Colleague: 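After the structure tokens below, expect a handful of questions from me.
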Amino acid sequence: MLLTYCVRCMLPDSKPDLHFDTEGVCAACRAYENRKTVDWAARRDEFMDIVENYRDRSDQKWDCIVPVSGGKDSTFQVITMLELGVRPLCVTATTCDLTDVGLANIENIRNLGVDHMTFSPNPVVRRKLNRIGLEEVGDISWPEHVGIFTIPVRAAVQFDVPLIIWGENSQNEYGGPDAATTSRTLDRRWLEEFGGLLGMRVSDLAETQGIPVGDLAPYTYPDGADLERVGVTGLFLGQFFPWDGMTNALIAQASGFRTTGAVVEGSMVDYENIDNYQVGIHDYFKFLKFGFGRATDIASLHVRRGRLTRDQALSIIRARDGKFPWTYLGKPLAEILRPIGLGVDEFIEICDRFTNTSLFETKRDGSLVRDRDGNLTKLSYDNPR
Ligand SMILES: [Zn+2]
């Protein structure tokens with residue numbers, strides 16, 4: 001099966017929820033194009049009006065919650081809030097396998113001058129969930145991608161701070177259904193549709209995997225009545241301020257954010273996805289299922305912004321996308337897998353189970369062709385619509 005690609009960027013039609021119009025342009029490119037018509041000054045005023053409504057005048061609490069992973073985007077979010085004179089409570093839901101540079105960047109956020117709390121879900125349960133996620137839906141990062149949405153919302157309820165300032169609307173930035181790309185708020189519905197659940201619901205886990213419901217609390221959205229009592233409202237900052245990952249990285253770096261200094265395996269930059277050793281596995285599975293990886297996402301962002309031509313992006317993607325994740329940020333695969341009780345051979349079996357073999361070269365007997373480094377060969381890279 002040959003994938004077809006957006007005529008402007010390098011996103012393929014295999015990307016879940018990505019819509020293409022009759023001209024062959026993807027929703028992410030259209031959403032970016034539509035940003036040019038936005039009156040950003042008016043959006044900024046609108047944002048400040050909302051924030052004023054929520055501002056804590058009792059001096060007992062915070063004006064908002066800012067979920068912070070410690071990445072370039074969350075560093076930028078905190079810098080922006082401080083510049084606007086808004087007092088955030090920063091909340092980190094720790095990544096599943098936090099890196100040293102990730103830890104340093106969380107420390108850096110605190111030192112921007114904010115109150116900060118870290119929430120670390122029970123690691124024993126989380127490792128079980130990593131393994132279940134990988135084996136059941138081909139996503140090792142399932143617990144992390146759920147927790148980054150549920151934990152800050154739980155903090156909002158717990159501390160009675162209704163306003164949550166999220167970063168980008170991933171549906172606008174990377175392409176999604178029309179209504180989702182223009183959404184400015186993140187609620188339970190958005191989470192259920194786009195929050196990375198992949199059809200595996202938290203409530204199912206208790207039943208099918210025998211994990212006690214109480215152990216799953218960090219991964220469950222607070223109860224509707226609690227959300228209403230506190231009046232929890234989530235906003236995407238990217239819908240009010242023009243959003244660009246590279247610009248955010250530059251601004252963050254000027255305030256102490258550290259990159260790895262070397263382009264990340266499977267990606268094409270050194271400034272993102274550097275806080276969790278499991279990300280390489282997550283991205284590799286995306287490649288196996290849909291035929292594109294992180295380099296495609298990032299290169300496409302740069303193409304949209306005119307920083308790379310489509311041809312340049314294609315060369316980069318060919319060179320970097322979808323390589324077998326022998327290491328991530330220098331850590332060997334065997335070491336990354338050890339905590340979740342998997343060996344490399346078992347891992348490769350799981351990979352094969354989730355591989356869409358119609359996207360890759362196979363031998364006569366139907367088995368996948370691998371090069372000496374274990375990499376698959378994608379059938380084709382460029383069939384614009
Ligand atoms: Zn596109």
Side-chain angles (χ1 to χ4, degrees), residues 10 12 14 69 71 95-103 123 126-127 129-145 258-299 313-357 359-363 367-379 381:
M10 281 303 297
S14 58
S69 64
T95 66
C96 290
D97 195 355
L98 185 61
T99 62
D100 291 343
V101 70
L103 186 62
R126 177 145 68 169
R127 287 194 286 265
L129 295 176
N130 286 137
R131 181 151 177 179
I132 293 167
L134 189 65
E135 293 193 283
E136 300 290 322
V137 289
D139 185 7
I140 193 170
S141 302
W142 187 90
E144 181 171 317
H145 290 162
R258 275 170 50 193
T259 68
T260 57
V263 170
V264 176
E265 296 94 325
S267 177
M268 56 166 287
V269 296
D270 67 351
Y271 57 70
E272 61 124 59
N273 282 347
I274 55 176
D275 56 6
N276 177 2
Y277 289 113
Q278 295 178 350
V279 171
I281 294 174
H282 167 81
D283 288 349
Y284 186 59
F285 270 73
K286 183 161 95 168
F287 183 72
L288 298 179
K289 291 174 186 176
F290 306 115
F292 74 103
R294 195 63 189 157
T296 295
D297 281 321
I298 304 295
L314 179 57
S315 313
I316 293 171
I317 291 164
R318 277 179 186 281
R320 305 210 50 95
D321 226 8
K323 295 286 178 277
F324 187 82
W326 288 112
T327 62
Y328 194 70
L329 303 172
K331 189 171 178 176
L333 177 64
E335 278 178 41
I336 298 171
L337 292 171
R338 193 171 300 134
I340 65 167
L342 273 183
V344 172
D345 291 347
E346 288 168 284
F347 173 77
I348 292 172
E349 279 170 31
I350 300 171
C351 289
D352 286 353
R353 215 155 32 79
F354 284 95
T355 303
N356 179 348
T357 49
L359 297 174
F360 301 97
E361 268 178 29
T362 48
K363 297 180 201 152
S367 62
L368 291 156
V369 174
R370 289 190 163 88
D371 71 11
R372 65 179 63 174
D373 295 320
N375 299 313
L376 306 181
T377 307
K378 225 178 93 185
L379 284 177
Y381 271 98

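Computation of the quantities below employed the complete heavy-atom set of this structure, encompassing side-chain atoms and omitting hydrogens, waters and symmetry-equivalent molecules. The structure displayed is predicted, hence computed values, not measured ones.
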Colleague: Nearest 0.5 Å please: distance from the CG atom of L359 over to the OG1 atom of T377.
Modeller: 12.5 Å
Colleague: Just one of I336, L98, D97 clears the side-chain contact (heavy atoms from CB on, under 4.5 Å) bar with N276, so which one?
Modeller: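 That would be D97; it is the only one of I336, L98, D97 passing the side-chain contact (heavy atoms from CB on, under 4.5 Å) with N276.
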Colleague: Measuring only between side-chain heavy atoms, which start at C-beta, is L329 closer than 4.5 Å to I274?
Modeller: yes
Colleague: Closest heavy-atom contact between P12 and T296?
Modeller: CD-CG2, 4.4 Å
Colleague: Report the distance from atom CD of Q278 to atom OG of S141, rounding to the nearest 0.5 Å.
Modeller: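 Taking CD in Q278 and OG in S141, the distance rounds to 6.0 Å.
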Colleague: Is there a side chain to side chain contact (heavy atoms under 4.5 Å, CB included) between T99 and T260? Walk through the geometry before answering.
Modeller: CA-CA 10 Å; T99 62; T260 57; over 6 Å; no
Colleague: Taking atom CG of L134 and atom NE2 of H282, what is their separation to the nearest 0.5 Å?
Modeller: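 Rounded to the nearest 0.5 Å, the CG-NE2 separation comes to 11.5 Å.
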Colleague: For the atom pair CG (L129) and CD (E144), what is the distance rounded to the nearest 0.5 Å?
Modeller: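 Spacing of CG (L129) from CD (E144) equals 12.0 Å.
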Colleague: Donor-acceptor pair, distance only, cut-off 3.5 Å: does the side chain of K378 make one with the backbone of G322?
Modeller: no
Colleague: Is S14 reaching over with its side chain to a backbone N or O of F290, donor-acceptor style, under 3.5 angstrom?
Modeller: yes
Colleague: Would a 4.5 Å heavy-atom cut-off, applied to side chains only, mark I340 and I140 as touching?
Modeller: yes
Colleague: Say you draw a straight line from CZ of R294 to CD1 of I317; how long is it, rounded to the nearest 0.5 Å?
Modeller: 12.0 Å
Colleague: How about P325 and F347: do any of their side-chain heavy atoms sit closer than 4.5 Å?
Modeller: yes
Colleague: Establish, from distance only, whether the side-chain atoms of E265 and T327 form a donor-acceptor pair under 3.5 Å.
Modeller: yes
Colleague: Quick check for you: to the nearest 0.5 Å, what is the distance between Y284 atom OH and Y328 atom OH?
Modeller: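 Going from the OH atom of Y284 to the OH atom of Y328 covers 15.5 Å.
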Colleague: For N375, does its backbone N or O pair with a side-chain atom of D373 as donor and acceptor, under 3.5 Å?
Modeller: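 The answer is no, because no donor-acceptor pair under 3.5 Å joins these two groups.
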Colleague: Kindly determine whether N356 and K289 satisfy side chain to side chain contact (heavy atoms under 4.5 Å, CB included), including the steps that lead there.
Modeller: CA-CA 5 Å; N356 179 348; K289 291 174 186 176; 5.8 Å; no
Colleague: Under the side chain to side chain contact (heavy atoms under 4.5 Å, CB included) criterion, do M10 and F292 qualify, and how do the steps go?
Modeller: CA-CA 9 Å; M10 281 303 297; F292 74 103; over 6 Å; no
Colleague: Should the pair D283-K286 be classified as a salt bridge under the 4.0 Å nitrogen-to-oxygen rule?
Modeller: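 Not counted as a salt bridge, because no side-chain N and carboxylate O are separated by less than 4.0 Å.
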Colleague: Check whether R353 reaches the backbone of G138 with its side chain - one donor and one acceptor, N or O, closer than 3.5 Å.
Modeller: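 Answer holds: no.
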Colleague: Run the side chain to side chain contact (heavy atoms under 4.5 Å, CB included) test on L376 and L288 for me, step by step, so that the C-alpha distance in whole Å, both residues' side-chain angles and the decisive distance to 0.1 Å come before the verdict.
Modeller: CA-CA 9 Å; L376 306 181; L288 298 179; 3.5 Å; yes
Colleague: I'd like to know if the side chain of E346 and the backbone of G343 have a donor-acceptor N/O pair within less than 3.5 Å.
Modeller: yes
Colleague: Are the side chain of D321 and the backbone N or O of A295 linked by a donor-acceptor pair below 3.5 Å?
Modeller: yes
Colleague: Is any side-chain N of the basic residue among R370 and D352 closer than 4.0 Å to the acidic one's carboxylate O?
Modeller: yes
